[in-house]
Amino acid sequence: MNQGDQEMMELFVQESSEHLQTLETDLIALEATPGEGSLLNSIFRAVHSIKGAAGFFGFDPIVKLAHVMESVMSLLRDGQETVDQDMVTLLISTSDKLRLMLAEPEAAASIPCDDERAGLQAVLDSHLGKKIGPRTPGVVHDAVEPAQQSGGQVGPEAGSYPHEALTGFSFTAASLVEGLKHGQNFYVVRINLGEVQHQGQTLKQFFSEVRSIGSVLDTVLECPADIGLTSAVGVVPVARVFYVTPLEPFILSGALGIEGDQIVEIPSQSLKDWVKATPEGVCAPPPLSVPVAVGSREIVAAAKSPVPAAVESGVSKPAPTQIDPKPVAGQRRKAEETIRINVGLLDTLMNLAGEMVLGRNKLLRLAGGGGAVGDQVELQSIVQDISSVTSSLQDTIMRARLQPVGGLFGKFTRIVRDLSHKLNKEIHLEIFGDDVELDRTLLEGLSDPLTHLVRNSIDHGIERAADRLAAGKSSQGTVRLSAAHLAGRVQIEVSDDGAGMDPERLKAKAVEKGIISADQASRMSDNEAQNLIFAAGFSTAAAVSDISGRGVGMDVVKTNIEKLGGHVELDSRVGQGTRIIIRLPLTLAIIPALIVGCRGASYALPQINIEEIVRPGEDCPLKTIGGARVLELRGQLIPVVDLGEVLGEPSVPCEQFVVLLELDHATFGLVVDEIRSNEEIVVKPLGRHLRLVPYYSGATLLGQGEIALILDPTSIAQGRISAIQKALGTSKTLELQTQPGLDSSRVLVFHAGGVEQLAIHLQHVLRVEAVRAEDLERIGGTECLRKNHDATIRLLSLSELVPVTPPESRPSEFFIIVPRPPYDRIGIVATRIVDSADLPAAQIERGAMAAQGIAGSAVLFDRLTLVLDFSGLIEILAGGSAENQGSLVAEGRFLFTTNPSHHPHHQIKQLPEQSAHS
Amino acid sequence: MSTSTINGALVLRLDSLNKDNAAARAAAIGAALGQAAGVLRIELSGLEGPDAAGLAVLIAASNEARSRSLELQLGLPKELSELAEDLRLGKLAVVESLEVLP
Amino acid sequence: MELTISSPRAAVTSKSQLLGFESQGQRYACDLLWVKEVLRSPSVTSIRLAPPYVRGVIHLRGQILTALDLEIRLGLEQKTPAPINRCIVFKTSTDLARLSNAPEDSAAAESDSMGVLVDAIGDILPPGTPVLPAPPETLSGLDSRFIEGVISDAGQLVTVLRIGALISLVEPRGSLPA
């Protein structure tokens with residue numbers, strides 16, 4: 001098999017997989033809406049395409065199976081069979097077999113599919129038995145019914161012809177394959193050759209026209225049988241032509257100037273059946289008499305005749321219309337290793353590459369110029385050009401890697417269907433946002449975790465119908481899969497309206513399994529308890545089912561998602577259901593990171609994990625309690641790990657910073673020597689010898705070609721945090737708050753310059769930063785803080801949004817409160833940070849201070865405090881409704897989009913609009 | 001129109017075969033069939049090829065040849081090879097293309 | 001080190017060209033097919049906690065290359081780390097896939113770039129040089145798993161390395177439970 005064939009093969013496998021995907025999704029949908037014509041059509045088309053392509057490559061087992069399935073689909077489509085549960089199950093099972101076959105097309109014969117074929121054939125047979133009435137076009141069995149419209153003679157062997165009108169023609173099954181594959185029409189055309197001449201055409205002209213719109217499969221010249229040389233004069237022969245063309249009958253009639261009644265259409269289904277039944281089949285009229293010297297004739301004919309030898313000799317091998325299907329053994333087809341790319345994107349890439357070349361040429365010219373005056377200026381402009389082209393290139397290539405998440409979601413229709421049948425639960429799957437695009441690496445990595453989550457929802461989440469009805473819910477449970485863009489991230493959610501998770505049961509289980517102590521359990525909040533399901537070795541299924549409950553579920557999910565640079569969050573309410581939220585970066589290859597220094601070397605920490613950077617001092621001292629190092633911050637003790645010690649260099653320098661890193665349900669501080677910069681880093685894999693070191697997840701190149709290793713906070717925390725927590729747990733003098741990130745009742749109390757004391761829920765806060773007034777830049781009426789060339793934080797005065805008194809004057813040093821992504825490009829101005837405090841929702845008095853953006857008031861630290869409603873604030877910012885939040889980013893009204901490289905689609909559009917607004 | 005014998009085959013050269021000369025050609029072919037021993041080769045050099053009437057003559061010749069157990073060969077200009085294929089003249093005779101004659 | 005190389009049964013002859021190089025006063029050679037390029041005085045960033053035979057990483061045109069210390073990898077005692085002079089960069093699986101006749105142990109290559117640090121690059125030795133079995137480890141002190149054999153060139157002994165094994169994840173000898 002040559003290179004071209006190999007590529008065709010790969011394309012075939014890939015396309016067929018896509019058809020199969022459609023097939024499966026549609027089949028499941030069909031079960032819900034059995035009569036849906038568009039589904040039946042779509043399924044029919046998908047099977048048909050698979051069959052056609054497989055036929056092209058000569059994968060007979062696939063063709064045969066697809067063929068019976070197609071025939072059954074044709075019955076269903078024409079309403080001659082009804083779709084029921086058994087039928088769908090049979091069709092799905094057939095599509096499974098097709099999938100197996102397509103995975104190894106050459107070995108398709110080894111896949112047992114007798115049951116499916118027998119089942120489908122039974123449907124066909126029963127139908128055949130039922131139907132004795134008039135012939136229905138397009139149905140498989142035309143061939144067996146006597147055709148009435150034939151104008152041809154009935155030969156002695158008429159029964160072996162696929163159609164009565166074909167009697168007398170010679171052709172092979174192989175010669176029909178091409179036309180059948182392309183869905184062309186087959187005709188027998190009677191041409192009165194004398195009339196052709198009356199219309200002023202020579203036979204040569206006429207047949208060259210015939211040839212231009214189709215192909216002649218065979219021709220029979222008819223004259224009176226007893227024609228002799230003496231009686232031949234004045235006789236006008238008729239040519240019967242077996243013809244294949246894409247044209248419809250009436251167009252053909254017009255094109256050739258032949259009366260419609262001289263054209264007989266041969267139903268292609270009957271030809272197909274004949275070809276399937278006798279793939280090596282040959283049709284030929286009985287020989288009239290034995291020609292002389294057959295041997296010599298054939299040799300002459302083969303050497304010289306323009307007529308194909310096959311036709312010449314009447315019987316022969318099939319014409320070579322098939323591509324040699326023999327592949328190189330053992331080669332694996334990797335459809336997933338190819339990517340389809342939008343032509344527009346490819347054009348953009350071409351253009352950018354062109355600009356790149358242009359830039360290089362300019363540089364070359366400059367380099368050859370010999371350093372004239374003014375070169376410096378020109379160099380600057382070239383560098384600017386090249387850098388802009390480079391970033392566009394980067395964006396475009398990133399976009400090329402993005403693929404819709406729908407392909408991944410699609411496979412869950414099947415999983416949900418199978419499982420709900422198996423468990424005898426009624427479950428409806430809702431899919432939202434299947435057009436959201438994700439980097440293909442992420443998509444691949446998401447597949448297993450999502451499968452786990454969906455299975456869990458079905459197995460553990462959704463109750464049995466009776467239980468649901470008893471709980472006052474509808475008997476049908478809903479599992480919802482959704483994807484959405486949230487600025488630079490993608491949020492994927494698996495939710496169900498099932499029983500939810502009972503925190504007390506989870507705690508009891510965890511204690512029983514020895515994951516936590518009874519003491520710890522008593523101190524856990526509900527949310528913390530629910531997060532226990534992420535602990536290794538935790539499973540609550542009463543009996544281990546074959547679906548889930550092996551105890552390796554959720555911790556694997558969490559690890560896998562974290563490997564992809566994402567987070568998992570969980571929100572479960574007893575009796576109402578469970579939501580699992582996965583947040584992922586848009587792409588893996590480029591991530592925002594904080595570059596820190598430790599013992600002279602640079603390391604990169606993914607921003608996604610960073611909560612806050614703290615400089616230990618009087619307010620927040622580093623302490624050693626019970627042998628464990630902790631940071632006391634706003635009344636909490638946070639476990640601390642020294643990066644230098646982790647990396648085996650224990651010497652302690654004088655100045656230190658603590659980077660607070662948030663993992664899924666633990667926050668810890670990482671002690672580093674220096675904070676260097678915030679950068680967008682390109683992740684490079686490390687060589688295999690270095691992958692042995694757990695703390696590095698990759699490497700990156702910094703500005704001057706310096707290499708920085710990317711740290712993996714999860715593996716750094718591994719083991720250490722729990723050891724510290726244990727050490728802390730033994731010293732009972734301190735009240736512990738080891739998981740501040742999850743506590744939704746914690747607020748940050750601050751002043752914004754006015755008279756009011758304000759509070760914002762800590763769960764919305766990413767970090768608090770100290771800012772000097774001289775670092776601010778003004779763009780029009782907006783104050784901005786430029787962190788570096790690509791991250792800008794827009795400052796926001798609360799008095800502009802909610803009814804609080806404006807600040808009288810702003811001190812030269814103040815704070816900004818940076819919300820969590822996706823809103824981490826705004827900073828709420830605070831003149832003073834008071835402290836953090838516990839504020840249960842019940843203590844917030846609503847009503848008295850009602851306004852959008854204000855949740856209510858409460859008394860904190862002996863003062864009346866306005867509690868901000870963060871989502872309300874965002875709505876105000878977005879100019880009203882929540883729906884505008886997304887468009888706000890796109891319109892560029894605010895600079896609070898995340899980094900442009902996360903937003904390739906908006907980057908270019910945004911710039912002019914920003915300036916117009918400023 | 002001429003006849004000659006080449007390699008044991010009787011060759012009948014015609015420049016055309018159409019309704020205007022069908023009767024004469026039919027007679028000539030009939031005569032040639034009577035003379036031929038084994039193989040009769042009809043070379044039709046005209047680029048028009050046979051017309052409908054000419055085809056009838058060829059069909060008759062083919063039938064005649066078969067009944068006499070003779071092999072009929074038909075030489076046609078290369079330009080007509082497609083027509084010969086479309087009409088499946090190969091069923092009537094062994095079709096060969098003629099080299100272009102000056 | 002004076003070894004008799006007049007072994008009666010001349011063993012394998014090298015099928016391909018060999019690139020000679022020097023490190024710590026010793027001469028080595030490797031199959032030229034493995035060699036992608038040679039870097040002059042690359043800047044090596046050392047990596048904490050890396051295996052001892054990894055000297056660090058090198059930035060090579062946007063890729064991160066792992067640089068191995070030849071002596072430690074071969075199991076020799078190293079007194080002082082040699083100054084970094086040359087780095088021989090080996091081909092990756094992708095590079096090798098383009099070769100019609102890849103070196104024998106090419107299966108060991110992965111998509112990550114690897115190199116070894118050496119002092120100097122020597123001559124290319126033509127194919128057909130007889131390769132003799134390596135002296136026993138007790139004599140040479142070299143980890144025999146990484147040695148193809150020895151050849152004699154201009155009266156000097158040249159150790160021919162098995163690059164595939166050298167760059168693979170084979171644990172150094174010392175860490176094996178003997």
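Just so it is clear, the values below take in all heavy atoms, side chains as well, and ignore hydrogens, waters and symmetry mates. So that the names make sense, note that chain A is the first sequence line, chain B the second, and so on, each numbered from 1. In this text, all values refer to a predicted model and were calculated from it rather than measured experimentally.
- Contact of Leu58(B) with chain A is not made at all, since no heavy-atom distance falls under 4.5 Å.
- The candidate from Ala27(B), Ser62(B), Ala26(B), Gly54(B) with the greatest count of non-hydrogen atom pairs under 4.5 Å with chain A is Ala26(B).
- Interface remark: of the candidates Ala22(B), Ala23(B), Gly30(B), Ala23(B) forms the most heavy-atom pairs closer than 4.5 Å to chain A.
- Only the side chain of Leu80(B) comes within less than 4.5 Å of a heavy atom in chain A; its backbone stays farther off.
- Applying the salt bridge (Lys or Arg N to Asp or Glu O under 4.0 Å) test to Arg211(A) and every residue at least two apart in sequence or in another chain returns Glu82(B), Glu85(B), Asp86(B).
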Give the intermediate values and the outcome of salt bridge (Lys or Arg N to Asp or Glu O under 4.0 Å) for residues Asp218(A) and Lys91(B). CA-CA 10 Å; Asp218(A) 193 29; Lys91(B) 291 180 185 174; 2.9 Å; yes
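- By the side chain to side chain donor-acceptor pair (under 3.5 Å) test, Gln35(B) pairs with no residue at all, sequence neighbours left out.
- In Glu64(B), the CD atom is crowded: over 12 heavy atoms of neighbouring residues, nucleotides or ligands sit closer than 6.0 Å.
- Checked against the 6.0 Å centroid threshold, Phe242(A) and Phe169(A) count as a close aromatic pair.
- Between chain B and the residues Leu221(A), Val238(A), Val210(A), Val241(A), the largest count of heavy-atom pairs under 4.5 Å involves Leu221(A).
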